[in-house]
Amino acid sequence: MAAREIDPRAPEPPYRQIAADLAEEIEREGSDLPPGSPLPSEKELVERYGVARSTARSALAVLRERGLVYTVPGRGTYVTDRSEPVGEDAHQGDA
């Protein structure tokens with residue numbers, strides 16, 4: 001997975017640039033990041049993109065908010081299986 005270069009002077013903040021890069025990779029057909037696969041660690045993202053750890057953490061938070069990934073504390077961040085329903089809609093048929 002090749003990282004795009006982050007432009008610190010761009011109107012879009014670096015953490016959003018990283019999130020967009022990772023989201024593009026997750027959503028790409030035949031991706032190296034299929035559902036259930038781990039994303040690079042915060043440390044790896046720091047090294048790959050040349051940013052602070054808080055920036056990498058913010059990028060992962062954006063992906064979580066979009067429902068593209070989930071984080072298991074102490075284990076890592078993984079690509080969500082978007083073929084399965086998530087949230088309140090997941091239990092609609094259980095009533």
Colleague: Going by the rule salt bridge (Lys or Arg N to Asp or Glu O under 4.0 Å), which residues pair with R64 if we only count those two or more places apart in sequence or in a different chain?
Modeller: none
Colleague: In Å and rounded to the nearest 0.5 Å, what is the OG1 to CZ distance from T80 to R66?
Modeller: 11.5 Å
Colleague: Other residues, nucleotides and ligands only: do more than 12 of their heavy atoms fall within 6.0 Å of CD on E12?
Modeller: yes
Colleague: Any donor-acceptor pair under 3.5 Å linking the side chain of S41 with the backbone of E44?
Modeller: yes
Colleague: Do the non-hydrogen side-chain atoms of E47 and K43 ever get within less than 4.5 Å of each other?
Modeller: yes
Colleague: Would you indicate whether the side-chain heavy atoms of L60 and L45 approach each other to under 4.5 Å?
Modeller: yes
Colleague: Minimum heavy-atom separation for P14 to I6, with atom names?
Modeller: CB-CG2, 3.7 Å
Colleague: Just so I know, are the side chains of V72 and Y78 near enough to count as touching, which here means a heavy-atom distance under 4.5 Å?
Modeller: yes
Colleague: Would a 4.5 Å heavy-atom cut-off, applied to side chains only, mark Y15 and V62 as touching?
Modeller: yes
Colleague: So, using salt bridge (Lys or Arg N to Asp or Glu O under 4.0 Å) as the criterion, who are the partners of R57 when residues are at least two apart?
Modeller: E42
Colleague: If you take all heavy atoms of I18 and A59, which pair is closest and at what distance?
Modeller: CG2-CB, 3.7 Å
Colleague: I'd like to know if the side chain of S58 reaches the main chain of S54, judged simply by a donor and an acceptor atom lying under 3.5 Å from each other, with no hydrogens or angles considered.
Modeller: yes
Colleague: Can you give me the closest heavy-atom contact between V51 and A56, atom names plus distance?
Modeller: CG2-N, 4.2 Å
Colleague: Working to the nearest 0.5 Å, report the span between OG1 of T71 and CG of L39.
Modeller: 8.5 Å
Colleague: Can you find a pair of side-chain heavy atoms, one from Y49 and one from L22, that are under 4.5 Å apart?
Modeller: yes
Colleague: Restricting to non-hydrogen atoms, name the atom on S37 and the atom on D32 that form the minimum distance, rounded to 0.1 Å.
Modeller: OG-O, 4.3 Å
Colleague: Assess whether a salt bridge exists between E25 and R4, defined as any Lys/Arg side-chain N lying under 4.0 Å from an Asp/Glu carboxylate O.
Modeller: no
